[in-house]
Structure formats: C-alpha cells, structure tokens
Amino acid sequence: MELKLNKPICFFDLETTGIDVAKDRIVEIAIFKVFPNGNKESKTWLVNPTIPIPAQSTAIHGISDEKVANEPTFNQLASQVYTMIKDSDLAGYNSDRFDIPLLAEELLRAGVDFDMKNRVSVDVQTIFHKMEERTLSAALKFYCGQSLQNAHSAEADTMATYEIMKAQLDRYPELENDMKLLSEFTTRKKIADFAGMIAFDEDEDEIFAFGKHKGVKVNKVLDTEPGYYSWIQNADFPLYTKKVLTAIKLRKLNTK
C-alpha cells in the first residue's frame with residue numbers, strides 16, 4: 001500500500017559515534033523523501049563528527065575516523081539537511097527515541113532552529129513492537145519476506161524502514177493511512193522535549209519528568225526556585241530540552 005500523504009514525509013536513519021543524544025555525533029545520515037504525488041528523492045551523506053569514533057561503534061556500522069576524515073562536518077551540511085526536511089513529516093525506526101532527538105541536537109548546535117511544530121513523526125519500530133515485538137531485520141523478513149542486506153548502513157536501514165511501513169499498512173487494516181494518526185499511534189507518551197525530561201500532566205501543563213522536581217509543574221518551579229532554570233541551562237542537558245524550557249519561561253513572562 002502506498003502512503004496517503006498530505007505533505008512530504010522523510011524517512012531517515014543516522015549512524016553515530018554512540019547513543020548519548022546530548023554528546024554523540026552523526027557520522028552518516030540518509031534521507032528518503034516521499035512526496036504526496038508519489039515522487040521520491042533520496043540523499044546520503046558521510047559526516048566528519050569532529051570527535052573520535054569509538055571502536056565499538058565502528059564495529060557496528062563500519063565507519064572509521066579515516067573514512068570520514070575528509071568528509072564535511074554536520075555544521076557544513078546542516079542547511080542541506082534542513083532544506084530537505086523542513087516541509088516534511090518525519091519517520092524512522094526507533095526515531096522518536098533516538099534519531100530525531102540526536103538530529104535536533106546537531107541542527108541546534110549548527111544554529112538551525114529546528115522543532116516539531118507543524119509536523120508529526122511516525123516511529124515504524126513502535127508499530128512493529130505493538131503488533132509483533134521484533135527487530136528491524138526480523139521486521140523486514142516478517143513483513144516483506146526480504147533479508148536485510150548491509151544492515152547498519154544508514155541508506156539500507158532507511159529503505160528497509162520505508163518498505164516495512166508500507167507493508168504494515170497492508171497487513172493491519174485497522175491502521176489508518178494517515179501520518180497524524182500513525183504519529184499518535186506510535187507516540188509512547190506525551191512529552192514536550194525529545195529527551196522526555198519535560199512531560200505533560202492531565203491538565204496539559206508541562207511538568208518535570210526527572211530529578212527532585214519530578215511531577216511538579218514547570219511554571220511552579222520557575223516561580224519557587226528560579227535558579228533551577230539557570231542550573232539546567234548551564235548543565236549538560238540536551239539543547240532541545242533547554243530550548244523548550246526557555247520557551248516556557250518566555251511564555252510565562254509574556255502572560256504576566
């Protein structure tokens with residue numbers, strides 16, 4: 001089943017130096033863009049992360065320091081990446097918990113004001129796990145009858161994810177072919193930032209989801225302990241979390 005789209009959707013995958021969203025860097029990014037009229041566009045970049053690639057990461061994706069030594073940095077690629085995704089919804093495999101948060105960090109670090117306003121995300125892994133409980137290779141075999149060749153290549157993983165999503169829509173008639181509804185289906189919990197450090201309560205107010213103020217409304221903490229904001233801004237938190245917290249603080253100031 002082909003996807004029913006109201007706007008373009010970009011399937012993407014990252015290979016990285018590690019799994020720490022705030023500290024690790026992209027070494028390869030592949031984007032496969034599907035347009036509502038059926039046209040498709042794809043692009044893959046190798047990226048110099050500007051930090052050493054750990055041996056254990058190279059063992060997984062095969063990308064070494066030497067391989068990317070003469071490749072552009074993400075700062076140099078950021079405008080191209082953003083131009084490709086700026087009008088699109090996003091989709092990936094485990095993308096809500098890893099790829100989108102890490103991409104957001106890289107874009108913000110490069111001075112690109114990225115956010116998820118006016119777009120949705122669909123995590124194909126969540127559809128798979130809710131329906132079948134497997135891995136990417138098993139998903140491709142299960143849904144498409146194919147073996148995943150060149151696993152942990154960003155391009156191969158991206159194309160596999162696209163094929164799986166189409167097959168999932170064929171297999172599960174109860175799934176609507178609608179990106180907004182699929183996004184809602186694949187969202188595990190409602191959070192304000194990608195890292196899940198600021199969530200929403202039953203009143204739709206932002207609350208802290210970690211630390212000594214876990215479960216407390218952000219606005220209340222900003223009133224009673226204003227230094228907490230400064231601590232987060234100066235500590236090693238994800239840039240997107242800091243951006244969201246700043247937006248809450250500015251909104252609060254503007255409503256006074």
Cut-off 3.5 Å, side chains only: do Asp24 and Thr17 have a donor facing an acceptor? yes
Please identify each residue that fulfils ring-ring contact (aromatic ring centres under 6.0 Å, His included) with Phe74, with sequence neighbours left out. none
Give me each pair satisfying ring-ring contact (aromatic ring centres under 6.0 Å, His included) with a member in residues 173-207, each pair once, sequence neighbours excluded. Phe194-Tyr240
Could you list the residues that satisfy salt bridge (Lys or Arg N to Asp or Glu O under 4.0 Å) with Glu163, not counting sequence neighbours? Lys166
Who else is in Ile51's hydrophobic cluster (ILVMFWY, side-chain heavy atoms under 4.5 Å, direct or via others)? none
Hits for ring-ring contact (aromatic ring centres under 6.0 Å, His included) against Tyr229, two or more places apart or cross-chain, chain-then-number order -> none
Suppose the criterion is ring-ring contact (aromatic ring centres under 6.0 Å, His included): which pairs have a residue in residues 103-127, not counting sequence neighbours? none
Residues that Lys190 engages under salt bridge (Lys or Arg N to Asp or Glu O under 4.0 Å), provided they are two or more places apart: Glu204
Could you give me the CA-CA distance, side-chain angles and deciding distance for Val81 and Leu103, then say whether side chain to side chain contact (heavy atoms under 4.5 Å, CB included) is met? CA-CA 10 Å; Val81 172; Leu103 178 62; 4.2 Å; yes
If a pair satisfies ring-ring contact (aromatic ring centres under 6.0 Å, His included) and one of its residues is in residues 29-69, list it, with sequence neighbours excluded. Phe32-Tyr162
Residues two or more places apart in sequence or in another chain: which of them pass salt bridge (Lys or Arg N to Asp or Glu O under 4.0 Å) with Glu176? none
Connected to Ile191, directly or through other members, by ILVMFWY side-chain contacts below 4.5 Å are none
Give a yes-or-no answer on whether the side chains of Ser153 and Glu155 include a donor-acceptor pair shorter than 3.5 Å. no
Side-chain hydrophobic cluster, 4.5 Å single linkage: members besides Leu46: Val27, Ile53, Ile63, Val68
Would you tabulate the side-chain donor-acceptor contacts of residues 82-89 under 3.5 Å, counting partners in other chains and residues two or more places apart, or write 'none'?
from	atom 1	to	atom 2	distance (Å)
Thr83	OG1	Ser79	O	2.7
Asp87	OD1	Lys33	NZ	2.9
Asp89	OD1	Val120	N	2.9

